[in-house]
Amino acid sequence: MSQEKYTFAMRFSTWFGLAALVFGGFCGGAMASGAYATSYFARYGGGHMLVFVLIFMAIMAICCTLGINLIRAYKVTDYNGFYLALYGLQKPDSNPLLKRIVALFFDCFTILTGIAACAGAMALFGSLAQSMAGIPVKIGSLIAALMFAVLSVYGGAFLRKFNTVMTLALTGSLLAILIAVCALRGDVLSSLIGNFETGVDWSGVPLATGYTMVISYCFNVGSWGATLSSYSEKIRDQKDAIGAGILIAIFVGALFFVTSCIVLPFLPEELNSTPILNICQKHLGSALTVIYWVVIFIAVITTGPTFAFSIAARFIKLWKTDAVDQRLKVFVIAIAFMIVCYFVSLMGLMKIVQIILTSTGAIGAFSIFIPLLISIFRVRKLNQAEGK
């Protein structure tokens, strides 16, 4: 295809595809429960909520733009290649010891983020089980651990079948809930949006600490470059990298904004890990509550098996014997991973979101974000050498 025929419509189609992929990745159970809204974005009122969302969008746009441009420049096709290129170790003659160190470090980082995602999904499932059937949270989380391990055997196919449906269903249900909230407490919401005075003392945590936690959490998005490395083959130039990065930030920023707006009029009373579920049960109709239950249940059971399957697929290579069936290997690795996640889930969804994700974000700030900024000069030098 010649450059003249590469129209804006074609560019936008590429940007939209990547933005939709990341949007679907964020549109999971923890997001739909409102845990991110009460942990980070809405807990200090509507004025600071807008600032927090804008900070997130800015960091997301920078990380995704630089990550996609790095992918384009070095023709990266998988997450290991992405991290090697990020550290300038993509050449065949690069130091093999440094390559192993980088690979090991980001394997550990990936496992830690996977534990946070699966433990959060278990904690949310436990809360749902208690709310819907009166099952104790710990028992519900244990049921989720076993279910996630079993479903991980069919992880790849499971994700392909249900991810798109789940994302569309969650988006539709969240918009329906937002409309219902606006009808019920639209006046409260409008009085809080842009208000920097009301809400600063809701959480009892200093505002400066809130900004630190939000910024630390935001740096988790640096790892999206590694994820997008397998889906960015249509990126042609730096314009595509910039356009896709900005559109991704807009899509995901809108998701945080909507969930925060749903929760905001009910704070500080609903400053907990499942505020949207509580809002549905206490203030909205039973039909909308049932729809929300079903949709968030689908979201939860797609998150856990997906991460468990990814971890199993990574470490199954170390299990050399052919005497054990492949699916049994996946199950054994997944159940071992789920046991770890189960004990972490006992912290509760709010603490998982606030502590683990803030910690991984801080790690990502130094190990991914700073190298991404440095990569600007390397990519520019590479472009000049290639005459671009």
Side-chain angles (χ1 to χ4, degrees), residues 28-40 43 111-155 158 162 166 170 203-205 213 217 259 263 266 268-282 289-290 292-312 330-360:
M31 171 67 74
S33 73
Y36 291 130
T38 51
S39 294
Y40 300 114
R43 66 199 306 233
I111 291 172
L112 183 59
T113 55
I115 288 173
C118 289
M122 285 181 195
L124 179 56
F125 188 93
S127 297
L128 288 172
Q130 184 182 52
S131 175
M132 296 170 65
I135 299 173
V137 173
K138 291 183 180 180
I139 300 300
S141 298
L142 190 60
I143 293 171
L146 180 60
M147 182 177 64
F148 290 171
V150 172
L151 292 175
S152 67
V153 175
Y154 310 97
F158 188 86
F162 288 100
M166 176 271 292
L170 264 180
S203 67
V205 178
M213 288 178 63
Y217 164 73
T259 53
V263 172
F266 299 91
E269 292 80 9
E270 295 297 341
L271 202 60
N272 52 64
S273 60
T274 56
I276 297 180
L277 174 63
N278 296 341
I279 290 167
C280 287
Q281 292 176 319
K282 295 177 182 178
T289 301
V290 171
Y292 177 74
W293 270 345
V294 172
V295 169
I296 200 170
F297 178 77
I298 295 172
V300 170
I301 63 175
T302 55
T303 300
T306 298
F307 277 94
F309 180 79
S310 297
I311 297 297
V330 171
F331 176 77
V332 171
I333 296 172
I335 197 67
F337 178 66
M338 286 297 114
I339 290 172
V340 175
C341 294
Y342 171 73
F343 285 106
V344 175
S345 76
L346 299 181
M347 295 172 57
L349 182 57
M350 184 74 88
K351 289 185 178 180
I352 291 170
V353 170
Q354 291 181 345
I355 297 175
I356 299 183
L357 290 182
T358 300
S359 300
T360 55

Checklist entry - How many angstroms lie between CE in Met347 and CD1 in Ile355, if you round to the nearest 0.5 Å? => result 4.0 Å
Next on the checklist: I want to check something: taking the side chain as every heavy atom from C-beta on, are Cys118 and Phe337 in contact at a cut-off of under 4.5 Å?
Outcome noted: yes
Checklist entry - Which value, rounded to the nearest 0.5 Å, describes the distance between Ile139 atom CD1 and Gln130 atom CD? => result 11.5 Å
Item to check | Short side-chain to backbone donor-acceptor contact, Ser141 and Met122, under 3.5 Å | outcome: yes
Item to check | Pairwise distance NZ(Lys351) to OG1(Thr358) - rounded to 0.5 angstrom | outcome: 13.5 Å
Next on the checklist: Less than 4.5 Å apart, side chain to side chain, heavy atoms only: is that true for Asn272 and Thr38?
Outcome noted: no
Item to check | Nearest heavy-atom neighbours spanning Phe331 and Ala149 | outcome: CD1-O, 3.6 Å
Checklist entry - Under 30°, 30 to 60°, or over 60°: which ring-plane class applies to Tyr217 and Tyr40, parallel, tilted or perpendicular? => result parallel
Next on the checklist: For a quick test of reading the model, state the closest non-hydrogen atom pair linking Leu346 to Lys138 and the distance between them.
Outcome noted: CD2-CG, 3.9 Å
Next on the checklist: Do Val205 and Arg43 make a side-chain contact, defined as non-hydrogen atoms from C-beta onward lying under 4.5 Å apart?
Outcome noted: yes
Next on the checklist: If I compare all heavy atoms of Ile296 with all of Trp293, which pair ends up nearest, and what's the gap?
Outcome noted: CG2-O, 3.4 Å
Checklist outcome for this item: Smallest heavy-atom separation, Ala35 atom then Leu349 atom, equals CB-CD2, 3.9 Å
Item to check | Closest contact, heavy atoms only, Ser33 versus Leu124 | outcome: CB-CD1, 3.8 Å
Checklist entry - What are the two closest heavy atoms between Ala119 and Val344, and how far apart are they? => result CB-CG1, 3.7 Å
Checklist entry - What is the distance from atom CE of Met338 to atom CD1 of Ile333, rounded to the nearest 0.5 Å? => result 12.0 Å
Checklist entry - Any donor-acceptor pair under 3.5 Å linking the side chain of Tyr342 with the backbone of Leu146? => result no
Checklist entry - Could you walk me through whether Tyr36 and Thr259 pass the side chain to side chain contact (heavy atoms under 4.5 Å, CB included) check? => result CA-CA 8 Å; Tyr36 291 130; Thr259 53; 5.8 Å; no
Item to check | Ile135 CD1 to Leu142 CG distance, which is reported to the nearest 0.5 Å | outcome: 11.5 Å
Next on the checklist: Could you measure the distance from the CG atom of Leu271 to the CG atom of Asn278? Nearest 0.5 Å is fine.
Outcome noted: 11.5 Å
Checklist entry - Only one of Ile356, Leu357, Thr360 forms a side chain to side chain contact (heavy atoms under 4.5 Å, CB included) with Thr113, so which one is it? => result Thr360
Next on the checklist: Quick one, Glu269 with Lys282, criterion side chain to side chain contact (heavy atoms under 4.5 Å, CB included). Give me CA distance, side-chain angles, the key distance, then yes/no.
Outcome noted: CA-CA 12 Å; Glu269 292 80 9; Lys282 295 177 182 178; over 6 Å; no
Next on the checklist: Can a donor-acceptor pair be found, under 3.5 Å and without considering hydrogens, that links the side chain of Thr289 to the backbone of Cys280?
Outcome noted: yes
